[in-house]
Every structure is written in structure tokens, then in C-alpha cells.
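This report concerns only the one structure given below.
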Amino acid sequence: MSDYDYIIVGSGSAGCIVANRLSADPDCRVLLLEAGGHDRNFWLKLPVGYFKAIYDPRFSRVFETEPSEGDGHRGIAWPRGRIVGGSSSINGLVYIRGQHEDFDDWQSLGAKGWSYEDILPHFRRLENFQGGEDRYHGRNGELPVSTLRNDNAACRAWVEAAQQYGLPANGDFNGETTHGVGAYHLSIGRRFRASAAAAFLRPALKRPNLTLITKALVSRVEIEHGRATGVTWSREGQSHSARSRCEVILCAGALQTPQILQLSGIGPEALLKEHGIPIVAVSPEVGENLQDHYQIRLLLKLNQKISLNDDVRNPLKLAKMGLDWLAKGTGPLTVGAGQVGGGACTRYAADGRPDIQFNVMPLSVDKPGTPLHRYSGFTASFWQCHPESRGAVHIQSPDPARQPRIAPNYLSTALDRAVMVDGVRILRDIHEQKAFRPLWDRENVIGADRQSDAQILDAIRTQGGTVFHPVGTCRMGSDAGAVLDPQLRVRGVEALRVIDASVMPKITSANTNAATLMIADKGAGMILKDARRNASAPEERL
Ligand SMILES: Cc1cc2nc3c(=O)[nH]c(=O)nc-3n(C[C@H](O)[C@H](O)[C@H](O)COP(=O)(O)OP(=O)(O)OC[C@H]3O[C@@H](n4cnc5c(N)ncnc54)[C@H](O)[C@@H]3O)c2cc1C
């Protein structure tokens with residue numbers, strides 16, 4: 001059995017940064033275990049390849065959620081990256097951190113040291129922002145962050161219409177506020193997707209002290225006398241183990257990190273007993289507090305051929321797209337899941353803080369991964385920024401390969417339902433403004449015949465879906481119920497940390513990748529600080 005200083009489980013958004021930061025010390029041996037394979041496929045590199053990669057089983061594991069009233073009793077497919085780079089290798093590339101208040105909320109919920117002012121230096125440190133350095137942006141980080149490099153007449157008109165509706169223009173959602181409308185930043189380099197693997201892991205893999213093992217499904221953390229001492233995994237039908245001298249760090253994401261903890265005997269007592277898992281530490285909230293953004297899309301049929309649906313069927317335009325991408329790194333091939341959008345307030349928003357976020361694209365599909373519609377389609381969607389609904393992730397078997405039971409519990413509060421209905425009305429109002437109304441002739445989804453609150457809510461339930469942002473299942477906090485302390489250490493077990501999207505006490509208002517990268521940068525810093533403290537006072541460890 002091999003020995004390492006640190007063992008990291010999962011090479012996703014968070015795991016890649018943690019591996020980078022910990023292996024920067026050449027004396028430190030780091031093992032990174034990843035359930036998926038290498039991220040060499042071209043579709044994972046091309047930004048617009050998002051639409052191909054998302055449900056491809058070579059890159060993604062598609063979980064199924066429990067049906068509930070909120071989703072019209074359908075159950076929803078939740079893809080997560082199962083590949084080096086994790087979900088950052090298949091995500092929509094929209095780079096937005098969230099509202100300042102999101103992080104101040106974390107602090108008030110007991111995550112001491114995670115207020116906006118505390119975490120801003122980490123956002124700045126991570127990024128190489130193409131727009132230049134200022135109070136909010138950094139220029140010296142590893143992650144290329146780009147402004148939008150595609151212009152589309154329909155998107156431009158939508159932004160103008162949103163201003164006619166009354167929203168301010170916003171040139172930088174990662175600056176002062178997310179309120180208003182404009183273009184999104186994207187995590188792309190000159191031409192290619194800037195996944196966490198490309199930005200943080202690949203350079204670090206040149207170091208001899210960092211070992212990456214792919215196709216390794218971790219089944220449990222080994223715990224001796226209350227201290228994590230290693231992990232066990234399976235690879236090609238064989239079981240393997242490694243020991244950690246310092247810490248085990250779980251970066252397996254908001255679905256699988258709680259699954260691994262539960263399989264390791266850390267979780268709700270009744271659940272562990274039900275599945276015959278020996279109890280190591282009772283921690284009732286492992287897997288609880290699941291949050292996601294629920295989205296509804298309005299699909300419009302444009303009356304002019306200015307949709308990407310049209311462009312891809314025109315060989316000349318298609319060739320130009322390829323050339324623009326190759327020669328200049330511009331055009332539709334550089335776009336991911338969102339082009340323009342922004343934040344707005346429904347009538348339920350408090351203190352002028354946006355409670356819905358738009359995502360707008362000059363194309364339409366039934367769902368990502370399926371062909372573009374043959375008509376000139378346009379998609380304007382939004383989600384509720386601060387849902388109250390909470391769900392849970394529970395193992396349903398001691399078998400680590402079996403997916404846990406995922407119950408998102410969407411739209412289970414009156415406020416969540418009301419915000420979504422009001423959001424549809426706001427979006428429809430925007431579409432009626434004079435800058436945009438002449439461009440479209442039909443709302444195909446959800447359909448103009450649905451006008452009453454009840455009809456709109458029914459459409460939201462039966463046609464809405466995830467924006468792929470599950471978080472919160474191992475929340476940090478200062479109260480005894482929190483799974484982690486604010487240093488991201490698992491309560492009840494030594495030498496075990498969680499660093500990924502599951503640590504968020506409350507979902508950020510925006511897409512969750514940037515916040516997860518920040519968590520990883522800060523979390524890795526905490527590990528290094530503890531290591532320095534232990535090195536200078538070795539007797540404290542005894
Ligand atoms: C389709 C999609 C689109 C998205 N679009 C956007 C977007 O446009 N902008 C944005 O900001 N956010 C987006 N997100 C969300 C964002 O990508 C995630 O919030 C973020 O990547 C989560 O990072 P993580 O480190 O917590 O988990 P992940 O990046 O999912 O990493 C977890 C890793 O752990 C591995 N793993 C899991 N279990 C085990 C195990 N037992 N053993 C070994 N390895 C294991 C997985 O294979 C994976 O590589 C999207 C997500 C998806 C899936």
C-alpha cells in the first residue's frame with residue numbers, strides 16, 4: 001500500500017485546484033483519484049462542445065432525481081462530469097461569482113471568514129481576466145476569464161428590450177452588482193474551454209510529487225481511532241487502498257461527497273443503520289440541505305433568420321464560424337450555455353437584490369445534447385436566485401457504484417412558486433418591448449395560451465428543469481449540526497476535509513462554478529496553514 005501526505009478524491013472544479021496548491025511544495029506527496037477518464041476529447045475543449053458533451057456517458061454520469069410535485073412528478077436527469085476536470089469539463093462556461101450578499105449570507109449562517117470581503121481576494125487571485133485588473137478582477141491567476149466574443153442581433157435586441165422594460169445595463173456581473181442586463185463572462189482561453197483541469201491540473205501534473213489515477217471509484221475513507229488514514233477504491237474490478245499521512249480531502253461534488261461520507265460511516269444514524277454501515281460519527285445533516293436552481297425556458301420562434309438554428313444549416317455561415325474560431329477565437333463556437341442575461345427583481349425581492357437570473361441564447365433545442373430546432377429559435381430562461389426549497393442525498397445501498405437517492409424537492413415553498421410565476425411575467429414583458437417584439441412571432445414554450453398563475457405554474461412544473469447547480473449537502477457552519485466547521489473540517493473525524501460545492505450553506509444566486517473554484521482556493525490555503533502550524537509545533541499533533 002502506498003503512502004501520501006494528502007489524498008484528494010475527485011478531480012473536478014475543486015479537486016484540480018486543491019491538487020495544484022498542495023503539490024506546489026515538492027516535499028509533499030499528493031494522490032488525486034478520479035472516477036472518470038482523461039479529458040482529451042475535442043468536444044471537451046471546444047466551448048460550444050458543451051451541447052455535445054453534457055449527456056455523453058463517456059464524459060458525464062447522469063443521475064436521476066426522485067419525482068416530486070414540484071417537477072410535475074417527472075424526476076429530472078442531473079448530469080455531472082465524470083472525467084478529469086469533473087463538471088468544469090462539461091459545464092456551460094458561464095463565469096459569474098454571485099451577489100456580494102450571497103457570501104455575507106454564508107457568514108451570517110455561521111461560515112465565519114467567508115464574507116464577500118473575505119473571499120474577494122481568492123476570486124481575484126484565481127483569474128486572468130481579459131478585461132484587465134481592478135478592485136474586482138485579477139490578471140495573474142491561472143484561469144482565463146473572457147468577455148463575450150460573439151455578437152448576435154437577437155441577443156442585442158433582447159438586452160435593449162430589457163432596458164426598455166426598466167433594467168439597468170450591466171457591463172460586469174462580477175463587479176459591483178449582478179443587477180441589470182448585459183453579456184456574461186466565460187471561462188475560456190484564446191480558443192478552448194478553460195476547465196479546472198486545463199487551468200490548474202495540467203500544469204501541476206508535471207510535478208513528480210503529484211499522482212493522478214483515473215477510473216478509480218473511491219468507495220470509502222478509512223478511519224482509525226477517529227482519524228482519516230486513507231481511502232479505498234476500485235479500478236478495473238480490483239480493490240486498492242492508499243494511506244494518507246496528513247489529510248484526506250473529499251472533492252467529489254455535492255452528490256458523491258455525501259455519498260462517500262455516508263458509506264464511510266459518517267451521516268444520519270438511522271440511514272447508516274438501515275444499510276448496515278458501521279457508524280463512525282453521527283452527523284445528521286450529511287446529505288441534507290440540497291439546493292439547486294430550477295429553471296424555466298421560454299422558446300420563441302423568430303421571424304428573421306438570425307438564430308444559430310439557421311446559421312448551422314447554412315454551409316457558408318458554418319465555414320465562417322469555423323474560421324472565426326480558428327483565426328480569431330471569436331464567434332458562436334466560443335459560446336457555452338449562456339450569452340447574455342442578468343439579474344432582476346420580482347415583486348418578492350427584498351432590498352433591491354435580484355431574485356431571478358436570466359440566461360439568453362440565440363438558439364433553441366429540446367434539451368442540451370439534442371439537435372437544434374429547424375425553426376429560427378431563441379431561448380430566454382431564468383431561475384430563482386435564492387430558493388427556499390431544500391432536498392437531500394441519501395445512499396440507497398452500500399454499493400458505491402449505485403447512485404444515491406436524490407430528492408431536490410423543487411418548488412416546495414409558496415415563495416419559490418410565486419417567484420417563478422412572477423419571473424415568467426417579467427420575461428414576457430421584456431419580450432413585448434419595442435426593441436424585441438418585431439423579431440418574433442410565437443412563444444412555442446411555454447405557450448402564449450398559458451396566462452393565468454395556475455397555468456404558468458403548471459408549465460413551470462412540467463417543463464422546467466435543473467441548471468445543474470446542486471450544492472449544500474455538507475454545509476459548513478459554526479453550529480453543532482453543521483457537517484463541517486468553517487475551516488471545512490468534517491466534525492467528528494480528524495484529518496478529513498470537504499472542499500467542493502457541497503460545503504455551501506446556501507446556494508449562490510448565480511451559476512456555481514466560480515464560487516466552487518473560490519472555495520477550493522481558500523480551502524487549500526487552510527490546509528497549508530494548518531500544515532505549517534503543525535510543522536512549527538509538532539507536539540500539538542500528539
Ligand atoms: C452540464 C453542466 C453545466 C453547468 N454549467 C455551468 C456554467 O455555465 N457556469 C457555472 O458556473 N457552473 C455551471 N455548472 C456547475 C458547475 O460546473 C459545478 O457547480 C462545479 O463544477 C462543481 O464542482 P465540484 O468540484 O463540486 O464537483 P465536480 O466538478 O462535479 O467534480 C467532482 C469530481 O469527483 C469525481 N468523483 C465523484 N465521485 C467519485 C468517487 N467516488 N471516486 C472518485 N472520483 C469521484 C467526479 O467524477 C468528478 O470529476 C454546470 C454543471 C453541469 C454539470
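Positions are given from 1, in the same order as the sequence printed here. First listed ligand is number 1; within each ligand, the first listed atom is number 1.
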Shortest heavy-atom approach to [atom] - which of [options]:
{"atom": "atom 21 (O) of ligand 1", "options": "Gly92, Ser89, Ser13", "answer": "Ser13"}
{"atom": "atom 49 (O) of ligand 1", "options": "Arg61, Glu34, His293", "answer": "Glu34"}
{"atom": "atom 14 (N) of ligand 1", "options": "Asn91, Asp39, Asn359", "answer": "Asn91"}

Which segment of [X] sits under 4.0 Å of ligand 1 when only heavy atoms are counted:
{"X": "Ala216", "result": "backbone"}
{"X": "Ser87", "result": "both"}
{"X": "Ile96", "result": "neither"}
{"X": "Thr516", "result": "side chain"}
{"X": "Val471", "result": "neither"}
{"X": "Ala196", "result": "neither"}
{"X": "His469", "result": "side chain"}
{"X": "Ile54", "result": "side chain"}

Hey, which atoms in ligand 1 end up nearer than 4.0 Å to a heavy atom of [X]?
{"X": "Ala14", "result": "25 (O)"}
{"X": "Gly81", "result": "46 (C), 47 (O), 48 (C), 49 (O)"}
{"X": "Ala501", "result": "26 (O)"}
{"X": "Ile83", "result": "49 (O)"}
{"X": "Ser88", "result": "21 (O)"}
{"X": "Cys251", "result": "32 (C), 33 (C), 34 (O)"}
{"X": "Gln256", "result": "37 (C), 38 (N)"}

Open item on the list: Looking at ligand 1, would Ile499 count as a contact under a 4.0 Å heavy-atom criterion?
Closed with: no
Task: contact_flag Gly336 ligand 1 heavy-atom lt 4.0 Å - done: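 Distance cut 4.0 Å: Gly336 fails for ligand 1.
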Task: Test: Lys367 cationic atom under 6.0 Å from Tyr55 six-membered ring centre, within 45° of axis - done: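 Judged by the rule, Lys367 and Tyr55 form a cation-pi pair.
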TODO: Before signing off on this row, confirm whether Leu217 and ligand 1 have an N or O atom pair separated by under 3.5 Å.
DONE: no
Task: Heteroatom distance test (Val467, ligand 1): nitrogen or oxygen, under 3.5 angstrom - done: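 In fact, backbone or side chain, Val467 has no N or O that close.
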- [ ] Look at the side chain of Ser264 and the backbone N and O of Val221, then say whether any donor-acceptor pair between them is shorter than 3.5 Å.
- [x]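 Yes, because the side chain of Ser264 sits within donor-acceptor range (under 3.5 Å) of the backbone of Val221.
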Open item on the list: Checking the side chain of Arg74 only, and the main-chain atoms of Asp71 only, is there a donor and an acceptor separated by less than 3.5 Å?
Closed with: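 Here the side-chain-to-backbone pair exists.
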Write out the residue and atom name of the closest protein heavy atom to [atom], then the distance separating them to 0.1 Å.
{"atom": "atom 42 (N) of ligand 1", "value": "Val218 N, 2.9 Å"}
{"atom": "atom 31 (O) of ligand 1", "value": "Gly12 CA, 3.2 Å"}
{"atom": "atom 19 (O) of ligand 1", "value": "Thr512 OG1, 2.7 Å"}
{"atom": "atom 36 (N) of ligand 1", "value": "Ala252 CB, 4.0 Å"}
{"atom": "atom 44 (N) of ligand 1", "value": "Ala35 N, 3.1 Å"}
{"atom": "atom 11 (O) of ligand 1", "value": "Asn513 N, 2.8 Å"}
{"atom": "atom 27 (O) of ligand 1", "value": "Gly253 CA, 3.6 Å"}
{"atom": "atom 53 (C) of ligand 1", "value": "Pro79 O, 3.2 Å"}

Run the ring-centre check on [X] versus [Y] and record whether the distance is less than 6.0 Å.
{"X": "Tyr95", "Y": "His185", "value": "no"}
{"X": "Phe358", "Y": "Trp158", "value": "yes"}
{"X": "Trp106", "Y": "Tyr116", "value": "no"}
{"X": "Phe378", "Y": "His373", "value": "no"}

Answer yes if the side chains of [X] and [Y] hold a donor-acceptor pair under 3.5 Å, and no otherwise.
{"X": "Asn409", "Y": "Ser68", "result": "no"}
{"X": "Asn359", "Y": "Gln357", "result": "no"}
{"X": "Glu288", "Y": "His394", "result": "yes"}
{"X": "Asn128", "Y": "Glu142", "result": "no"}
{"X": "Thr229", "Y": "Glu222", "result": "no"}
{"X": "His469", "Y": "Asn513", "result": "no"}
{"X": "His293", "Y": "Gln384", "result": "no"}

- [ ] Specify the closest pair of heavy atoms between Pro398 and Leu263, including all atoms of both residues, with the distance to one decimal.
- [x]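 Reported closest heavy-atom pair: O-CD2, 3.5 Å.
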TODO: Sort out for me which residue in Arg390, Arg475, Arg491 forms a salt bridge (charged side-chain N to carboxylate O under 4.0 Å, His left out) with Glu285.
DONE: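 Exactly one option meets the salt bridge (charged side-chain N to carboxylate O under 4.0 Å, His left out) with Glu285, and it is Arg475.
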TODO: Might you confirm whether atom NZ of Lys215 has over 12 heavy atoms from other residues, nucleotides or ligands at distances under 6.0 Å?
DONE: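 12 or below, so no.
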